[in-house]
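To keep things clear, I will list the structure first and then write my remarks on it.
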Amino acid sequence: MQLTDFEKSVYNACSKIRKGRVSTYFEIAKAIRNPKASRAVGNALNKNPFRSVPCHRVVCSDGKLGGFVNGPRKKKSLLEQEGVAIEKGRIADFKNAFQPLC
DNA sequence: CTAATGACCATTA
DNA sequence: ATAATGGCCATTA
(Lines give C-alpha, C1' and ligand atoms only; values in the text may rest on other atoms or scores of the structure.)
Protein backbone atom coordinates (compact mmCIF):
# COMPACT_ATOMS: atom_id res chain seq x y z
CA MET A 1 0.00 0.00 0.00
CA GLN A 2 2.62 2.72 -0.47
CA LEU A 3 0.73 5.66 0.88
CA THR A 4 2.10 9.11 1.41
CA ASP A 5 1.86 10.97 4.69
CA PHE A 6 -0.68 13.27 3.12
CA GLU A 7 -2.97 10.40 2.26
CA LYS A 8 -2.56 8.82 5.65
CA SER A 9 -3.53 12.10 7.26
CA VAL A 10 -6.56 12.34 5.02
CA TYR A 11 -7.77 8.85 5.87
CA ASN A 12 -7.08 9.43 9.52
CA ALA A 13 -9.12 12.62 9.58
CA CYS A 14 -11.86 11.02 7.54
CA SER A 15 -12.21 8.11 9.94
CA LYS A 16 -12.84 10.59 12.73
CA ILE A 17 -16.21 11.41 11.25
CA ARG A 18 -18.83 9.78 13.42
CA LYS A 19 -21.81 7.93 12.12
CA GLY A 20 -24.75 10.09 11.13
CA ARG A 21 -22.46 13.06 10.60
CA VAL A 22 -20.84 14.50 7.49
CA SER A 23 -17.79 16.60 6.82
CA THR A 24 -16.31 18.48 3.90
CA TYR A 25 -13.12 18.15 1.92
CA PHE A 26 -12.18 21.61 3.03
CA GLU A 27 -12.54 20.67 6.68
CA ILE A 28 -10.32 17.64 6.23
CA ALA A 29 -7.79 19.78 4.44
CA LYS A 30 -7.81 22.14 7.40
CA ALA A 31 -7.44 19.27 9.82
CA ILE A 32 -4.31 18.04 8.08
CA ARG A 33 -2.81 21.51 8.03
CA ASN A 34 -3.28 22.06 4.29
CA PRO A 35 -6.41 24.19 3.96
CA LYS A 36 -5.87 24.68 0.25
CA ALA A 37 -5.44 21.00 -0.53
CA SER A 38 -9.14 20.18 -0.63
CA ARG A 39 -8.67 18.98 -4.17
CA ALA A 40 -5.83 16.68 -3.20
CA VAL A 41 -8.03 15.43 -0.37
CA GLY A 42 -10.60 14.40 -2.94
CA ASN A 43 -7.93 12.59 -4.87
CA ALA A 44 -6.76 10.80 -1.76
CA LEU A 45 -10.28 9.68 -0.92
CA ASN A 46 -10.70 8.52 -4.48
CA LYS A 47 -7.91 6.02 -3.95
CA ASN A 48 -9.33 5.15 -0.53
CA PRO A 49 -7.73 1.72 0.05
CA PHE A 50 -9.43 1.41 3.45
CA ARG A 51 -12.99 0.25 3.53
CA SER A 52 -13.22 1.29 7.16
CA VAL A 53 -12.80 4.91 6.16
CA PRO A 54 -16.26 6.44 5.71
CA CYS A 55 -15.39 8.43 2.64
CA HIS A 56 -19.09 8.66 1.79
CA ARG A 57 -19.58 10.98 4.75
CA VAL A 58 -17.48 13.60 3.02
CA VAL A 59 -19.38 16.14 0.93
CA CYS A 60 -18.81 19.52 -0.68
CA SER A 61 -18.71 22.66 1.38
CA ASP A 62 -21.88 23.79 -0.37
CA GLY A 63 -23.74 20.93 1.24
CA LYS A 64 -24.04 19.06 -2.03
CA LEU A 65 -22.95 15.46 -2.20
CA GLY A 66 -20.11 16.19 -4.57
CA GLY A 67 -18.57 13.63 -6.84
CA PHE A 68 -19.14 9.89 -7.00
CA VAL A 69 -22.84 10.41 -6.81
CA ASN A 70 -23.70 9.55 -10.36
CA GLY A 71 -21.33 6.58 -10.61
CA PRO A 72 -22.03 4.14 -7.76
CA ARG A 73 -25.07 6.25 -6.80
CA LYS A 74 -24.79 4.63 -3.41
CA LYS A 75 -23.54 7.67 -1.56
CA LYS A 76 -26.99 9.09 -0.99
CA SER A 77 -28.32 5.71 0.10
CA LEU A 78 -25.38 5.18 2.40
CA LEU A 79 -25.79 8.54 4.07
CA GLU A 80 -29.50 8.07 4.50
CA GLN A 81 -28.79 4.63 5.82
CA GLU A 82 -26.56 6.18 8.47
CA GLY A 83 -29.16 8.72 9.44
CA VAL A 84 -28.19 11.73 7.32
CA ALA A 85 -31.17 13.27 5.56
CA ILE A 86 -30.63 14.12 1.91
CA GLU A 87 -32.88 16.58 0.15
CA LYS A 88 -32.71 17.03 -3.60
CA GLY A 89 -29.10 15.92 -3.84
CA ARG A 90 -27.88 18.00 -0.93
CA ILE A 91 -27.73 17.63 2.80
CA ALA A 92 -31.04 18.59 4.38
CA ASP A 93 -29.64 19.73 7.73
CA PHE A 94 -26.13 20.41 6.64
CA LYS A 95 -25.14 22.57 9.57
CA ASN A 96 -26.73 20.10 11.93
CA ALA A 97 -25.08 17.05 10.40
CA PHE A 98 -21.79 18.78 9.78
CA GLN A 99 -19.00 17.71 12.10
CA PRO A 100 -15.95 19.95 12.34
CA LEU A 101 -12.77 17.89 12.64
CA CYS A 102 -10.77 20.04 14.91
C1' DC B 1 11.98 17.15 -15.18
C1' DT B 2 7.09 19.10 -17.14
C1' DA B 3 2.22 18.54 -18.16
C1' DA B 4 -2.24 16.84 -17.22
C1' DT B 5 -5.89 15.19 -14.10
C1' DG B 6 -9.29 15.40 -10.32
C1' DA B 7 -14.66 12.98 -5.17
C1' DC B 8 -12.68 21.11 -4.53
C1' DC B 9 -13.31 26.21 -3.01
C1' DA B 10 -14.15 31.05 -3.59
C1' DT B 11 -15.14 34.95 -6.41
C1' DT B 12 -17.46 37.24 -10.12
C1' DA B 13 -21.09 37.93 -13.81
C1' DA C 1 -30.55 31.60 -7.79
C1' DT C 2 -27.03 29.30 -11.41
C1' DA C 3 -22.78 29.51 -14.59
C1' DA C 4 -18.21 30.44 -15.59
C1' DT C 5 -13.19 31.55 -14.10
C1' DG C 6 -9.13 31.37 -11.42
C1' DG C 7 -6.39 29.24 -7.95
C1' DC C 8 -4.50 25.66 -4.93
C1' DC C 9 -2.70 20.97 -3.87
C1' DA C 10 -0.90 16.05 -4.51
C1' DT C 11 -0.58 12.18 -7.60
C1' DT C 12 0.22 10.06 -12.05
C1' DA C 13 1.68 9.69 -16.93
Side-chain angles (χ1 to χ4, degrees):
Chain A
M1 51 195 264
Q2 296 168 341
L3 293 173
T4 66
D5 296 321
F6 179 82
E7 302 244 314
K8 286 193 231 171
S9 304
V10 171
Y11 302 134
N12 183 40
C14 189
S15 22
K16 286 177 198 153
I17 306 172
R18 295 195 291 157
K19 180 178 156 206
R21 289 285 152 87
V22 294
S23 184
T24 66
Y25 302 94
F26 185 57
E27 199 64 23
I28 292 174
K30 274 198 315 186
I32 65 178
R33 235 48 102 109
N34 285 339
K36 299 178 176 72
S38 52
R39 204 166 238 218
V41 170
N43 276 341
L45 289 178
N46 186 6
K47 298 175 181 173
N48 190 12
F50 304 102
R51 250 195 321 178
S52 49
V53 175
C55 49
H56 54 271
R57 291 179 197 156
V58 184
V59 297
C60 293
S61 62
D62 295 48
K64 297 176 190 173
L65 293 185
F68 130 75
V69 178
N70 212 4
R73 79 178 179 270
K74 297 236 162 188
K75 189 165 183 177
K76 178 175 178 291
S77 303
L78 281 164
L79 288 173
E80 287 182 330
Q81 197 178 41
E82 299 205 346
V84 181
I86 308 295
E87 182 96 17
K88 296 191 283 292
R90 48 192 170 185
I91 309 296
D93 298 322
F94 182 53
K95 50 183 210 43
N96 191 33
F98 177 74
Q99 177 181 4
L101 299 170
C102 205

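Quick caveat, the model's predicted, so the values are computed rather than measured.
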Pairs under 3.5 angstrom only: tabulate donor-acceptor contacts from the side chains of residues 91-102 of chain A to other protein residues two or more places apart or in another chain.
residue : atom : partner : partner atom : Å
A:Gln99 : OE1  : A:Arg18 : N            : 3.0

- Item | Audit row: A:Val41, A:Val58, side-chain contact (heavy atoms from CB on, under 4.5 Å) steps and yes/no | CA-CA 10 Å; A:Val41 170; A:Val58 184; 5.7 Å; no
Tell me which residues in [range] put a heavy atom below 4.0 Å from DNA chain B, sorted by number, or none.
range	value
residues 18-28 of chain A	A:Tyr25, A:Phe26
residues 81-91 of chain A	none
residues 53-61 of chain A	A:Cys55, A:Cys60, A:Ser61
residues 93-102 of chain A	none

- Task: Assign a letter to each nucleotide of nucleotides 5-11 of chain C from its 5' end: B, base within under 4.0 Å of a protein heavy atom; S, sugar-phosphate only; -, no contact.
- Result: --BBBBS
- Message: Please list all pairs meeting ring pair (Phe, Tyr, Trp, His ring centres under 6.0 Å) that have one or both residues in residues 13-49 of chain A, counting only residues at least two apart or in different chains.
- Response: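 Counting only pairs at least two positions apart or across chains, no ring pair (Phe, Tyr, Trp, His ring centres under 6.0 Å) contact touches residues 13-49 of chain A.
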- Dot-bracket for DNA chain C, 5' to 3', Watson-Crick and G-U pairs with both distances under 3.5 Å, [ ] for crossing pairs, | for partner on another strand, reads .||||||.|||||
- salt bridge (Lys or Arg N to Asp or Glu O under 4.0 Å) contacts touching residues 20-37 of chain A (sequence neighbours left out):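 Of all non-adjacent pairs touching residues 20-37 of chain A, those that pass salt bridge (Lys or Arg N to Asp or Glu O under 4.0 Å) are A:Glu27-A:Lys30.
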Can you give each donor-acceptor pair under 3.5 Å made by side-chain atoms of residues 43-55 of chain A, sequence neighbours left out, with the distance rounded to 0.1 Å?
residue : atom : partner : partner atom : Å
A:Asn48 : OD1  : A:Phe50 : N            : 3.3
A:Asn48 : ND2  : A:Phe50 : O            : 3.4

- Query: Got a donor-acceptor contact below 3.5 angstrom from the A:Lys76 side chain to the A:Ile86 backbone?
  - Reply: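 Pair absent, no side-chain N/O of A:Lys76 close to backbone of A:Ile86.
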- Pairs involving residues 54-66 of chain A, ordered by first then second residue, that meet side-chain hydrogen bond (donor to acceptor under 3.5 Å, both in side chains) (sequence neighbours left out):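 For residues 54-66 of chain A: A:His56-A:Glu82, A:Arg57-A:Glu82.
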